[in-house]
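Okay, so here's the structure we're looking at.
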Amino acid sequence: MTGLGLRLAWRNLWRHPRRTVLTLAAIAFSNVLLVFMISLQVGTYGLMIDNSLQALTGHLQVQADGWLDDHRLQQVVPDGAALAADLRAGLGLAAVSQRAVAHALLSSEERSYGAQLLGVDPEREPLVSSLPGLLRDGRWLANGGAAEIVLGSALARNLRVAPGDRVTLLGSARDGSFAASITTVAGVFDSGIAGIDRGIAMLPFDYFGETFAMRGAAHQVVIVTPALEHVPEYEWRAEALLPASANLVVLDWDVLQPGLKQAIRADIGSAFFVYAVLVVLVAFSVLNTQLMSVLERTKEFGIHLALGISPGRLGNIVLTESALLGGLGLLLGMLLGAAVTAWFGVRGFAYPGMEELAASFNLPAVFYPQLNLVSVTAGPGVVFVFTLLAALYPALRLHWLEPVAAMRAA
Amino acid sequence: MNRLAVIVARLAWRNLWRNYRRTLIMISAVTVGAWAIIFMTALMRGMVNDMVRDGIESLPGHVQAHNPGFRDDPSVASLLSSGDAEIAARLDGAGLRAWATRVNVPAVVSSERATRGVTLIGIDPLGERGLSFLADAMADGRALRDADDDGLVLGRKLLAELETEVGKRVVVMSQDPANEIVDRGFRVGGGFDTGLDQLEEAMVFTGKHAAQALLGIEGRVTELAVLGNDFRAVDGLVAQVRALLPEDTEVLPWYELDRYIGAMLDVMDGFVLVWIVVIFIALSFGVVNTLVMAIFERTREIGLMLALGMRPSGILLQVVCESLILLAIGLALGTGLAWATVLPLRGGIDISSVARGMEMFGAGSTLYPELLWRDVRLAVGVVLLLGFVASLPPAWRASRYRPVEALTRSA
């Protein structure tokens with residue numbers, strides 16, 4: 001397109017300033033909304049994954065094949081501590097730690113509740129789980145195998161115990177015998193995740209092993225990699241390090257918490273519907289404007305055609321008009337959208353009544369949208385493409401315009 | 001006045017079709033917008049209603065009464081002050097649709113292979129009719145027969161984790177009011193399947209009298225559940241039940257017992273409105289644009305009408321009428337389209353590919369869209385109202401044309 005065509009297109013655009021401004025506003029409005037919503041999504045998903053995984057799951061776990069589904073005490077990783085040490089050395093990661101898992105009845109002087117007990121390595125657990133850092137009362141487990149326990153806040157409240165109080169464990173051991181022990185509450189953690197605070201207790205791995213006759217075996221070896229995108233690489237490296245004889249598998253976070261990715265997928269699905277509707281509505285707006293601007297110039301186009309200007313060239317001018325319109329809307333939308341998003345990124349975005357919902361996805365009540373190249377460009381880019389597509393019909397109409405008839409048009 | 005309205009409406013209608021392309025494009029846009037509003041709302045309503053129903057079923061009951069300490073300390077120590085017999089005496093003849101008392105305590109279930117912490121619920125199966133999901137969810141074995149039944153009914157997921165099955169024995173441990181550990185062997189009578197793992201892992205049912213005997217609380221219960229006619233309107237029921245029971249009883253509606261679902265319903269109501277407004281704004285630019293163009297094209301004509309003595313208010317009315325007709329046609333088509341899209345989906349949309357994710361929301365794996373008349377009315381009302389407001393400025397401008405200037409302006 002020559003400079004002349006560009007200049008013509010620009011002037012044509014401003015023949016009806018009000019119309020152009022309204023169309024621009026429609027494009028910009030959708031773009032601002034798209035930038036903000038996509039930024040909000042990007043920020044939320046990352047947070048949701050991190051918050052959900054950091055409590056207990058980690059990025060990868062080594063388990064006996066089948067333990068994930070059945071959770072049987074007998075489906076073990078033999079000599080968990082040794083395997084964790086091998087993985088630490090082999091992967092070059094410090095954040096690797098073993099756990100053993102059992103269910104038992106916890107009884108205080110006044111109350112009895114069932115809970116899931118995790119036998120953890122007091123020294124390494126803080127590297128793979130956020131819970132040791134979320135202690136509300138008391139202290140974390142001492143290194144070694146002392147008879148002590150750390151409880152979730154709701155569990156401690158239900159049992160009516162505080163650090164220093166005694167709690168009795170009753171359950172069944174790995175060999176089918178009766179597992180019972182008396183232990184002292186060392187601390188109480190408050191994760192804000194209802195299921196964990198109500199139903200989880202942690203005790204030293206060695207003490208757990210004695211009580212439940214584990215003979216050194218664990219149920220999971222938790223691995224936290226430096227970042228989510230490194231997970232596949234560490235997964236196959238960990239697989240290569242597993243002893244060939246044992247029936248062990250390496251599972252990534254998506255397998256361990258399948259709800260997480262699916263919740264995100266469901267959310268993306270519904271968001272996509274919203275975006276698509278917005279884009280289609282903008283396209284209609286642009287189609288309307290461009291068709292009007294072509295129809296009212298029928299006479300003028302007739303003269304142009306009669307003077308020997310090709311329909312293709314005229315069509316190009318119309319398309320250029322749309323491109324200018326769309327481009328302006330793109331710029332305006334991206335700038336305004338980025339500004340709005342940045343403002344909420346600092347101040348935080350809250351929706352009334354959202355706290356309860358957010359908490360069930362391990363999210364805080366206030367969201368901070370995240371600006372990045374994709375979130376700023378993706379939505380407006382698609383809108384731009386549809387702006388051009390919407391101008392296609394008005395531009396193509398020129399090809400079947402009869403110069404004489406067109407010149408006579410009212 | 002009436003004749004003027006007819007003339008204005010007819011003029012507006014004819015004007016719309018002078019530029020049929022433009023009108024058709026705008027009607028399509030409004031149709032798509034209206035369809036999107038109503039269809040999306042129907043999907044969201046379906047999801048939330050599903051969640052609320054599941055939530056109420058797992059409570060279950062629209063209204064529950066407890067000892068005021070129960071929610072903080074849901075144990076055998078928080079018994080209702082009135083015994084079973086007294087509650088029956090108070091509630092019988094009050095005209096309640098359905099009610100039942102339960103024993104609801106934390107417990108541990110052990111098979112010979114595994115141990116799990118659960119909530120033990122002692123029920124009277126006859127009173128639970130219509131209240132609890134249990135009777136409809138039975139998958140294996142038999143349902144509980146009556147309050148004296150001492151069989152145990154567990155979720156399928158829990159049966160698998162305990163590596164046990166119908167007919168085998170398991171041990172239930174809990175505590176009595178003096179905090180002595182009590183335990184007893186139960187025979188597994190049946191398994192239920194709700195599709196929600198969380199429910200299947202957490203709840204274990206037996207006969208109410210069997211649970212009372214185990215816990216040493218004969219004749220006492222922890223919970224009264226009452227079913228109303230409509231879960232959306234339970235406040236009257238709460239007041240009624242509250243009046244029937246002693247003062248030291250806490251009577252709460254489901255939305256306070258399960259804050260998550262209560263919050264979900266509110267958020268969804270707000271979200272529907274936000275969604276309608278957003279779509280409307282996206283549409284409004286086009287609608288206003290159309291009006292501005294239509295007025296621009298007819299500048300001379302409007303000048304002529306004014307010169308011939310038509311009142312400015314007539315012009316204003318005519319332009320607003322034009323915009324409202326446009327919106328109304330689009331809304332009618334969009335609603336019809338939404339209805340036609342929802343109708344074949346009545347049987348439910350299979351979303352099992354994201355079922356575990358939906359479980360995080362508390363929703364099941366099939367989505368049943370629910371097109372509510374209320375939402376359609378809201379959408380139509382909001383769009384027409386905002387449409388009216390948005391078309392006022394251009395209409396106002398048109399009605400303020402000076403006849404001579406407008407007549408002489410070249411089109």
Side-chain angles (χ1 to χ4, degrees), chain A residues 16 18-19 22-23 25-26 29-30 33 70-74 102-105 107 109-116 157-158 170-172 176 199 258-266 269-270 273-274 277-278 280-282 284-285 287-289 291-292 295 351-357 360-361, chain B residues 19 21-22 25-26 28-29 32-33 36 40 43 72-75 77 106-110 112-118 160-161 163 173-175 179 181 259-260 262-264 266-267 270 275 278-279 281-283 285-286 288-290 292-293 296 351 353-362:
Chain A
H16 281 284
R18 202 187 303 264
R19 178 170 69 195
L22 277 169
T23 313
F29 171 77
S30 296
L33 220 60
D70 308 331
H71 270 71
R72 288 180 197 156
L73 209 53
Q74 293 76 14
H103 292 260
L105 182 73
S107 298
E109 263 179 35
E110 296 179 66
R111 295 285 183 272
S112 300
Y113 279 86
Q116 188 177 50
R157 193 181 64 231
N158 284 337
L170 281 179
S172 31
L260 211 48
K261 256 194 188 166
Q262 292 182 9
I264 291 173
R265 258 214 322 269
S270 61
F273 180 81
V274 172
V277 169
L278 276 177
V280 167
L281 291 185
V282 172
F284 272 121
S285 226
L287 172 63
N288 201 5
T289 303
L291 192 62
M292 283 309 99
L295 285 179
Y351 185 86
M354 208 51 205
E355 303 90 12
E356 314 259 349
L357 262 69
S360 70
F361 295 95
Chain B
N19 197 329
R21 281 197 195 84
R22 180 169 65 204
I25 291 176
M26 271 334 289
S28 319
V32 170
M40 179 91 169
L43 288 187
D72 206 35
D73 178 23
S75 73
V108 163
V109 180
S110 304
E112 60 267 46
R113 311 297 299 265
T115 303
R116 288 291 181 273
V118 295
E161 287 181 7
E163 295 176 66
M173 277 195 286
S174 187
Q175 63 162 131
N179 195 35
I181 300 284
R259 290 279 177 84
Y260 172 73
M264 196 74 188
D266 286 347
V267 167
W275 174 232
V278 163
I279 291 293
I281 294 177
L283 276 177
F285 294 108
V288 173
N289 214 346
T290 306
V292 168
M293 281 304 100
F296 176 81
I351 48 167
S353 67
V354 291
R356 298 292 288 265
M358 296 311 284
E359 205 174 320
M360 283 183 84
F361 287 101

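Letters A, B, ... mirror the listed sequences (proteins, then strands); counts begin at 1. Hydrogens, waters and symmetry mates play no part in the numbers below; they use all other heavy atoms, side chains included.
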message = Counting heavy-atom pairs under 4.5 Å with chain A, which one of B:N179, B:L283, B:V32, B:V288 comes out on top?
response = B:N179
ask   = So, for B:T115 and A:H103, which heavy atoms are closest and what is the spacing to 0.1 Å?
value = O-CB, 2.7 Å
task = Mind ranking A:V274, A:L73, A:I264, A:L170 by heavy-atom pairs under 4.5 Å with chain B and telling me who comes out on top?
result = A:V274
message = Give me the atom names and distance for the closest heavy-atom approach of A:F273 to B:A36.
response = CE2-O, 4.1 Å
message = Among A:L105, A:L33, A:T23, A:V277, which residue has the highest count of heavy-atom pairs closer than 4.5 Å to chain B?
response = A:L105
request  = Locate the shortest heavy-atom distance separating B:A77 from A:R111; write the atom from each residue and the value.
outcome  = CB-NH2, 3.0 Å
query = Taking B:I281, B:L43, B:I25 one by one, which has the highest count of heavy-atom pairs under 4.5 Å against chain A?
reply = B:I25
remark   = Under 4.5 Å to a heavy atom of chain A? For B:A114 that would be backbone
request  = Measure distances from A:N158 to the heavy atoms of chain B and classify the residue's part below 4.5 Å as side chain, backbone, both or neither.
outcome  = both
query = Side chains of A:S285 and B:N289: is there a donor and an acceptor less than 3.5 Å apart?
reply = no
request  = Identify, with sequence neighbours excluded, every residue that meets salt bridge (Lys or Arg N to Asp or Glu O under 4.0 Å) alongside B:E163.
outcome  = A:R72, B:R113
Which atoms of A:V282 approach chain B - backbone, side chain, both or neither, heavy atom under 4.5 Å = neither
ask   = In terms of heavy-atom proximity below 4.5 Å to chain A, should B:A29 be classed as side chain, backbone, both, or neither?
value = both
Partners meeting salt bridge (Lys or Arg N to Asp or Glu O under 4.0 Å) with A:R265 (sequence neighbours left out) = none
message = Any side-chain to backbone donor/acceptor pair from B:Q175 onto A:E110? Under 3.5 Å, distance only.
response = yes
ask   = A:K261, A:R157, A:Q116: which one forms the most heavy-atom pairs within less than 4.5 Å of chain B?
value = A:R157
inquiry  = Is B:D73 in contact with chain A via its backbone, its side chain, both, or neither, using a 4.5 Å heavy-atom distance?
reply    = both
ask   = Can you say whether A:T289 sits under 4.5 Å from chain B via the side chain, the backbone, both, or neither, judging by heavy atoms?
value = side chain
message = Classify the ring geometry of B:F296 against A:H16: parallel below 30°, tilted from 30° to 60°, perpendicular beyond 60°.
response = perpendicular
query = Does CZ in A:R18 sit with more than 12 non-hydrogen atoms of other residues, nucleotides or ligands closer than 6.0 Å?
reply = no
task = Could you grab the distance from atom CG of B:N19 to atom CG of A:N288, nearest 0.5 Å is fine?
result = 8.5 Å
key: Shortest non-hydrogen contact between B:P106 and A:S112, atoms and distance   = CG-O, 3.8 Å
remark   = Most contact-rich option vs chain A, by heavy-atom pairs under 4.5 angstrom, among B:I181, B:V109, B:V118, is B:I181
task = Taking all non-hydrogen atoms of both residues into account, name the closest pair between A:Y113 and B:S75 and its distance.
result = OH-CB, 3.8 Å
remark   = So, the part of B:V292 with a heavy atom under 4.5 Å from chain A: the answer is side chain
Per-residue contact mode, A:S172 against chain B (heavy atom under 4.5 angstrom) = both
note = Counting heavy-atom pairs under 4.5 angstrom with chain A, the leader among B:S174, B:S28, B:G33, B:A107 is B:S28
ask   = What distance do B:M293 atom CE and A:R19 atom CZ have between them, rounded to the nearest 0.5 Å?
value = 4.5 Å
query = What part of B:V278 is in contact with chain A, defined as an atom under 4.5 angstrom from a non-hydrogen atom: side chain, backbone, both or neither?
reply = both
query = Which region of A:A104, side chain (C-beta onward) or backbone (N, CA, C, O), has a non-hydrogen atom less than 4.5 Å from a non-hydrogen atom of chain B, or is it both or neither?
reply = backbone
For chain B, the option from A:G114, A:P258, A:A102, A:S30 that forms the most heavy-atom pairs under 4.5 Å = A:P258
